[in-house]
Amino acid sequence: DDLAFGQFLASPLGGLSDESLMNLALNRRASLVAALYARATERPDWTAAKTFFEALRAQADFLSPFALLSEALGPLGGRAKLLRRLGAEAAEPIDEFLAEALQFTQSEPGALQNFVFQLRQSGASIKRESEAGSDEVRIMTVHGAKGLQAPIVILPDTTALPKADKKLFWLDVPQQGVQTPVFCPRSGLRANAVAQAAVADTAAAREEYNRLLYVALTRAEDEILVCGAEGGRKPAETCWYETVRLGFARLPARDEDGILIHEAPQTAAPDRETATGSTSTSTTLPGWAGSASNWQATPPHKEMTKPERIVPSRGTEDGSRRALAASPLGVERAASRASRAAALEKGLAVHALLQHLPDLPPQARRDAARRYLTAQPALAASAAAIAASVLAILESPDLAPLFAPGAQAELPLAGVVGDVEIGGLVDRLAVTETEILLADYKTDRAPPASPEGIPPKYISQLAAYRAILQQINPNRPVRCLLVWTETATPMPVPAPLLDAAAPA
């Protein structure tokens with residue numbers, strides 16, 4: 001409505017002065033919102049208020065209350081505007097307000113209207129402990145000043161009396177030991193019991209009124225100034241001002257142009273010695289906190305996106321298993337499927353032999369390989385040929401570092417290259433003083449005749465592994481090769497192919 005929108009415009013968030021608000025609001029023919037939208041370009045402060053309001057209204061139906069308030073107080077500069085006008089003490093209520101919004105967002109549906117309703121119903125309040133030594137003027141009620149002190153205390157309003165317009169009275173019912181409420185809107189209608197209750201209530205209010213005067217008079221450390229506005233008639237004799245004036249009449253006070261002054265030099269030892277010769281130090285605030293006069297905090301750096309995670313071996317390990325499925329045309333014959341299953345079983349056997357045989361003495365490897373192969377009916381007939389091809393790889397001089405003591409099999413490898421998070425399992429890895437040798441086993445039934453025929457996904461897998469190893473050991477070249485388990489033959493992968501498929 002217009003009243004609420006006018007409150008926004010006059011607030012630190014809207015930023016309009018009273019004069020500016022009147023110029024906008026008076027003589028308008030439509031709502032205040034419509035007037036602002038129609039005339040926003042006429043004045044810079046109207047333009048700024050419209051921009052602030054429009055940015056939040058466009059998101060109010062989509063953001064949670066906490067996200068919307070964070071947007072208003074942060075990127076849109078609302079916190080800086082509030083602190084600039086209200087001072088540093090406004091920071092705590094702002095933070096508590098955000099905490100309420102965050103708790104609501106975590107436990108309730110994120111409707112802004114629901115949040116406002118619950119906040120109004122809760123009646124929540126913040127009680128803040130004021131700092132005794134603050135270099136500022138504090139305006140507070142006497143109730144709020146309990147327990148506090150200040151060098152100078154000013155009582156600006158001491159001629160008003162508590163209003164005696166009570167209409168609801170609680171009367172004792174001795175027969176039942178309870179109280180019952182009686183409503184009496186006019187004094188002429190009061191019965192004796194109600195009149196007595198009214199007198200008791202007035203006396204209790206006066207006692208509380210005088211107790212508050214005692215609290216007010218004992219808040220000052222050095223000076224207390226008691227002021228009052230006389231108005232059109234003389235203040236009541238029971239008001240604070242008259243009570244203090246009567247007290248001054250019994251003190252050696254002097255009159256200076258109608259102002260009564262009583263001085264009472266301190267005779268007791270001070271509670272604390274005044275520091276002499278002390279030097280004040282100032283601390284430079286960090287740059288992100290902003291600076292005078294607008295105290296606009298520097299926006300945080302844009303959050304880095306989470307690295308894309310890839311597992312290079314995942315797409316290649318299951319290739320042979322997927323090949324066992326029926327063809328897209330659904331006419332895969334049983335014989336062909338059996339052939340594929342046999343090829344897969346052979347590939348797995350070669351993979352296992354290359355993993356475990358290097359741990360055995362050279363003279364025991366051939367017999368161990370034959371025993372392992374002949375134990376599998378599908379491979380028994382070709383056990384000797386498979387064992388020979390595997391031993392040829394293990395005994396190859398070019399591949400000797402891969403299977404030498406210290407080389408590792410089934411090695412987990414993980415790292416981040418650029419914006420890509422990489423994780424996988426290396427079949428065989430050897431790190432020597434001069435180079436790093438990496439081998440990956442593949443079970444393809446028809447291995448390519450040259451490196452140019454290697455499937456791209458295999459090249460990408462090796463390139464990803466090589467990139468991680470180059471980060472770990474930047475001073476050693478990484479040599480990669482594939483071992484085709486179908487033929488048990490190694491195939492070195494040229495560096496240019498790997499460079500072209502590098503993950504970053």
query = Okay, side chain of T180, backbone of L171: is any donor-acceptor separation there less than 3.5 Å?
reply = no

ask   = Are R245 and E242 ion-paired here, with the side-chain N under 4.0 Å from a carboxylate O?
value = yes

remark   = For R138 and A150 the tightest heavy-atom approach is NH2-CB, 3.8 Å

key: Non-hydrogen side-chain atoms of Y37 and E54 separated by less than 4.5 Å   = yes

inquiry  = Taking the side chain as everything from C-beta on, heavy atoms only, tell me whether L497 gets closer than 4.5 Å to L462.
reply    = no

query = Would you say L168 has more than 12 foreign heavy atoms packed within less than 6.0 Å of its CG?
reply = yes

query = Got a sec: does the CD of Q103 have more than 12 other heavy atoms crowding it under 6.0 Å?
reply = no

inquiry  = Please determine whether the number of non-hydrogen atoms from other residues, nucleotides or ligands lying under 6.0 Å from atom CD of Q266 exceeds 12.
reply    = yes

task = State, with a plain yes or no, whether a side-chain heavy atom of N23 is found less than 4.5 Å away from one of R43.
result = yes

ask   = Do K146 and H143 have side-chain heavy atoms sitting under 4.5 Å apart?
value = yes

inquiry  = Is it the case that atom CZ in F117 sees more than 12 heavy atoms from other parts of the structure closer than 6.0 Å?
reply    = no

message = Whether the side chain of Q471 engages the backbone of A467 through a donor-acceptor N/O pair (distance < 3.5 Å, no angle test) should be reported.
response = no

query = Would you say the side chain of L82 lies within less than 4.5 Å of the side chain of L73, judging by non-hydrogen atoms?
reply = yes

query = Any side-chain heavy-atom pair from L437 and L481 closer than 4.5 angstrom?
reply = yes

request  = Mark yes when over 12 heavy atoms from residues, nucleotides or ligands other than I259 sit less than 6.0 Å from its CD1; otherwise mark no.
outcome  = no

query = Going from CZ on R428 to CG on D440, what distance comes out if it is rounded to the nearest 0.5 angstrom?
reply = 13.0 Å

message = Go through it in stages, so that I can follow the logic: the residues are L9 and L24, the test is side-chain contact (heavy atoms from CB on, under 4.5 Å), and I'd like the CA-CA distance, side-chain angles, deciding distance and then a yes or no.
response = CA-CA 10 Å; L9 293 178; L24 176 66; 3.9 Å; yes

query = Which heavy atom of P181 sits nearest a heavy atom of W170, and at what distance?
reply = CD-CZ3, 3.5 Å

message = Looking at every non-hydrogen atom in both residues, tell me the closest pair between A501 and I459 and how far apart they are.
response = CB-CG2, 3.7 Å

message = Could you go through K442 and I454, starting from their C-alpha distance and side-chain angles, then the distance that decides it, and tell me whether this counts as side-chain contact (heavy atoms from CB on, under 4.5 Å)?
response = CA-CA 11 Å; K442 299 301 177 187; I454 299 175; over 6 Å; no

note = Rounded to the nearest 0.5 Å, the CH2 atom of W46 sits from the CG atom of L36 at a distance of 8.5 Å

ask   = When rounded to the nearest 0.5 angstrom, what distance separates CD1 in I472 from CG in L413?
value = 5.5 Å

task = Measure the CE-CZ distance between M140 and R219 for me, rounded to the nearest 0.5 Å.
result = 11.0 Å

query = Taking atom CG of D1 as the centre, does the number of heavy atoms from other residues, nucleotides or ligands within less than 6.0 Å exceed 12?
reply = yes

From D157 atom CG to T141 atom OG1, the distance as rounded to the nearest 0.5 Å = 12.5 Å

ask   = Between F5 and F53, what is the ring plane arrangement, given parallel below 30°, perpendicular above 60°, and tilted in between?
value = perpendicular

query = Taking everything shown except R206 itself, do over 12 heavy atoms lie less than 6.0 Å from its CZ?
reply = no

key: Stepwise salt bridge (charged side-chain N to carboxylate O under 4.0 Å, His left out) test for R211 and E208   = CA-CA 5 Å; R211 279 194 293 268; E208 176 63 18; 3.0 Å; yes

ask   = Do you know which two heavy atoms are closest between A463 and P503, and how far apart they sit?
value = O-CD, 3.8 Å

ask   = Are any of the side-chain nitrogens in R466 or D499 under 4.0 Å away from the carboxylate oxygens of its partner?
value = yes

query = Step by step, would you call Y465 with V478 a side-chain contact (heavy atoms from CB on, under 4.5 Å)?
reply = CA-CA 10 Å; Y465 293 158; V478 180; over 6 Å; no

ask   = Under 3.5 Å, side chain of S11 to main-chain N/O of F8, donor-acceptor pair present?
value = yes

query = Do the side chains of L217 and W240 get nearer than 4.5 Å, heavy atoms only?
reply = no

query = Got R28 and D2 here, is their nearest side-chain heavy-atom distance under 4.5 Å?
reply = yes

ask   = Do side-chain atoms of E100 reach the backbone of F115 as a donor and acceptor pair under 3.5 angstrom?
value = no

Spacing of CG belonging to L69 relative to CZ belonging to R79, to within rounding of 0.5 Å = 11.0 Å

query = Between Q408, Q355, E410, which is the residue that forms a side-chain contact (heavy atoms from CB on, under 4.5 Å) with D427?
reply = E410

task = Name all residues meeting the side chain to side chain contact (heavy atoms under 4.5 Å, CB included) criterion together with L161; count only those two or more places apart in sequence or in a different chain, and write none if there are none.
result = Y209, A236, T238, C239

key: CG (D18) with more than 12 external heavy atoms under 6.0 Å   = no

Verdict with reasoning, L469 to V426, per side-chain contact (heavy atoms from CB on, under 4.5 Å) = CA-CA 11 Å; L469 293 170; V426 177; 5.9 Å; no

